[in-house]
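Here is how names work: the chains are called A, B, and so on, in the same order as the sequence lines, proteins then strands, and each is numbered from 1.
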Number of protein chains: 2
Amino acid sequence: MRARQELALLLRRLTVELDAVGQRFAQRHGLNRTDVRALVAIMDAARRGEALTAGRLGEAVELRSASVTALVDRLERVGHLRRARDAEDRRRVVLEMSESAMAAGAEHFGGLARDLTAAMEGYPPEELAVVRRFLLEMTGVIERHARTDPAADDGGR
Amino acid sequence: MRARQELALLLRRLTVELDAVGQRFAQRHGLNRTDVRALVAIMDAARRGEALTAGRLGEAVELRSASVTALVDRLERVGHLRRARDAEDRRRVVLEMSESAMAAGAEHFGGLARDLTAAMEGYPPEELAVVRRFLLEMTGVIERHARTDPAADDGGR
DNA sequence: ATCTATTATCTCGATGATCGAGACTTTCGA
DNA sequence: TCGAAAGTCTCGATCATCGAGATAATAGAT
């Protein structure tokens with residue numbers, strides 16, 4: 001019981017520390033939290049092979065369209081991003097990260113990834129498999145909580 | 001190699017989802033991200049048996065004193081917090097969470113904790129021990145990254 | 001005991017991030 | 001071809017954050 005609660009706290013602590021990593025990246029590059037969240041969302045999308053549009057970015061970081069416009073303006077102004085009209089649907093604006101932003105991100109977060117994977121060297125495959133299963137399952141539980149709309153006692157807002 | 005990278009990504013994904021949980025809590029209670037971070041910091045401190053002062057809260061959520069004053073004003077105004085002068089050092093303002101805020105937090109985050117620990121039921125103690133060791137080590141690596149000030153290639157700002 | 005430096009918080013004015021409402025452009029379906 | 005819907009942007013308002021400086025309390029030196 002104790003042990004399991006400790007694990008839950010450890011997950012949250014890890015989250016706090018990862019957040020601090022992003023915070024440091026933000027400071028070093030004169031960005032705010034949202035900007036970093038946006039860049040990360042765009043990089044993640046790129047990793048999956050999709051290019052984010054302004055609208056989808058807004059969903060990812062939970063901002064209204066007016067704020068997304070301002071956000072993209074900021075990032076474009078400092079050269080981290082380019083706007084490009086989508087050829088297929090010319091209403092859409094697809095966002096492309098600049099080489100420099102990709103490089104900065106890779107240096108900062110890639111360095112962390114390198115250290116993390118290096119620290120995993122010490123674990124035999126069976127143990128990594130256990131950890132993987134655990135993380136997948138916990139992520140699933142958390143995801144359900146994040147998305148679940150109780151709405152039952154939604155006293156109107 | 002692949003496997004280890006996947007684990008690193010899983011850690012970040014878990015962070016994103018946990019963040020979304022906080023985001024939902026914020027929405028449901030008319031708070032912003034910072035407010036939630038602050039309440040969590042205060043609850044964490046309470047869990048450790050310490051009462052946060054305004055200054056320490058500022059360190060925890062990385063805000064300047066002016067912003068902390070505004071933050072505490074907000075939270076106090078909606079009844080989540082009480083200011084109380086420290087008896088020993090009357091310059092200090094110690095922050096006490098209200099019963100209602102504690103209850104709201106417990107319901108939201110406590111529910112998640114319950115689901116998480118429940119999901120851990122399926123794991124034998126040895127596996128939980130592996131996970132614990134893993135999380136502790138990864139947290140350590142991340143923490144070093146978060147605090148490390150490269151400053152080596154600080155191209156001047 | 002008194003003075004000074006330090007610590008902790010707060011006030012004020014300025015800046016900027018976010019939002020709602022609505023305009024504009026493009027696409028889709030009838 | 002026309003109207004509705006989708007995607008983004010503009011504008012004005014609101015609020016979170018900050019820097020500078022004020023205020024109050026403590027600690028240390030004499």
Side-chain angles (χ1 to χ4, degrees), chain A residues 19 22-24 26-42 45 50-78 80-96 156-157, chain B residues 19 22-42 45 50-78 80-96 157:
Chain A
D19 207 56
Q23 173 75 9
R24 181 162 296 276
Q27 279 175 355
R28 281 178 61 76
H29 293 271
L31 305 172
N32 62 37
R33 262 194 170 56
T34 301
D35 295 349
V36 175
R37 291 217 313 156
L39 289 175
V40 168
I42 295 174
E50 347 164 356
L52 275 196
T53 66
R56 292 218 170 286
L57 174 61
E59 291 170 16
V61 300
E62 305 187 70
L63 286 181
R64 302 292 141 215
S65 73
S67 311
V68 174
T69 299
L71 164 65
V72 175
D73 283 349
R74 287 198 299 274
L75 293 177
E76 197 174 32
R77 197 176 313 124
V78 297
H80 288 339
L81 224 57
R82 279 188 306 276
R83 277 179 166 93
R85 282 283 163 189
D86 186 339
E88 299 186 3
D89 184 342
R90 296 176 29 75
R91 291 170 301 183
R92 283 200 271 252
V93 166
V94 302
L95 306 172
E96 298 166 356
R157 82 188 62 148
Chain B
D19 207 56
Q23 174 73 11
R24 181 161 295 277
F25 180 80
Q27 278 176 358
R28 283 177 59 77
H29 294 271
L31 305 172
N32 61 36
R33 258 188 200 346
T34 301
D35 295 349
V36 175
R37 291 219 311 157
L39 288 175
V40 168
I42 295 173
E50 347 163 358
L52 276 196
T53 64
R56 292 218 168 285
L57 174 61
E59 292 170 14
V61 300
E62 306 186 70
L63 286 181
R64 303 290 143 217
S65 73
S67 311
V68 173
T69 299
L71 163 66
V72 174
D73 283 349
R74 286 197 298 277
L75 293 177
E76 196 173 32
R77 197 176 314 125
V78 296
H80 289 338
L81 224 57
R82 278 187 308 275
R83 277 180 166 91
R85 283 283 161 189
D86 185 341
E88 298 185 4
D89 184 343
R90 295 175 28 75
R91 292 170 300 182
R92 283 200 271 252
V93 166
V94 303
L95 306 171
E96 298 166 356
R157 87 187 59 149

query: Counting only N and O atoms by type, is there a donor-acceptor contact under 3.5 Å from the side chain of A:Arg85 to the main-chain atoms of A:Arg90?
result: yes

task: Please step through side chain to side chain contact (heavy atoms under 4.5 Å, CB included) for the pair A:Asp35 and A:Leu39, ending with a clear verdict.
output: CA-CA 6 Å; A:Asp35 295 349; A:Leu39 289 175; 5.5 Å; no

Under 4.0 angstrom between B:Thr53 side-chain N/O and C:dT9 OP1 or OP2: yes

statement: CD of A:Gln23 to CG of A:Asn32, rounded to nearest 0.5 Å, is 9.5 Å

- request: Could you tell me which non-hydrogen atom of A:Val68 sits nearest to which non-hydrogen atom of A:Ala54, and how far apart they are?
  value: CG1-O, 3.4 Å

task: Just do the side chain to side chain contact (heavy atoms under 4.5 Å, CB included) check on A:Leu81 and A:Ile42 with the steps written out, would you?
output: CA-CA 10 Å; A:Leu81 224 57; A:Ile42 295 174; 3.6 Å; yes

task: Using a cut-off of 6.0 Å, state whether more than 12 heavy atoms not belonging to A:Arg56 lie near its atom CZ.
output: no

query: Given Watson-Crick or G-U pairs with both distances under 3.5 Å, what dot-bracket string fits DNA chain C, with | for other-strand pairs and [ ] for crossing?
result: ||||||||||||||||||||||||||||||

- prompt: If each of A:Asp86 and A:Asp35 is mapped to the nucleotide of DNA chain C with the nearest heavy atom, which maps nearer the 5' terminus, i.e. the 5' end?
  reply: A:Asp35

query: Should the pair A:Asp73-A:Arg83 be classified as a salt bridge under the 4.0 Å nitrogen-to-oxygen rule?
result: yes

- prompt: Should B:Leu57 and B:Leu71 be marked as a side chain to side chain contact (heavy atoms under 4.5 Å, CB included) after you check the CA-CA gap, both sets of side-chain angles, and the distance that decides it?
  reply: CA-CA 10 Å; B:Leu57 174 61; B:Leu71 163 66; 4.0 Å; yes

Full working for side chain to side chain contact (heavy atoms under 4.5 Å, CB included) between A:His80 and A:Leu31: CA-CA 11 Å; A:His80 288 339; A:Leu31 305 172; 4.1 Å; yes

- line: What residues 57-74 of chain A contributes to the DNA chain D interface at heavy-atom separation below 4.0 Å is A:Ser65, A:Ala66, A:Thr69

- request: Rounded to the nearest angstrom, tell me the gap between atom CG in A:Asn32 and atom C1' in C:dG16.
  value: 9 Å

query: Under a criterion of less than 4.0 angstrom to any heavy atom of chain B, what are the 5'-terminal and 3'-terminal contacting nucleotides of DNA chain D?
result: D:dA16 to D:dT26

- prompt: More than 12 heavy atoms of other residues, nucleotides or ligands under 6.0 Å from CZ of A:Arg74: is that the case?
  reply: yes

field: Length of the CG-C1' vector between A:Asp89 and C:dC24, whole Å
entry: 15 Å

message: On the side chain of B:Arg91, is there an atom forming a donor-acceptor pair with the base of C:dT9 - under 3.5 Å, no angle test?
response: no

- request: Kindly indicate whether the side chain of A:His29, heavy atoms from C-beta on, has any atom under 4.5 Å from the side chain of A:Val78.
  value: no

task: Mind checking B:Arg83 for me? I need base, sugar-phosphate or nothing, with any heavy atom below 4.0 Å counting as a touch.
output: sugar-phosphate

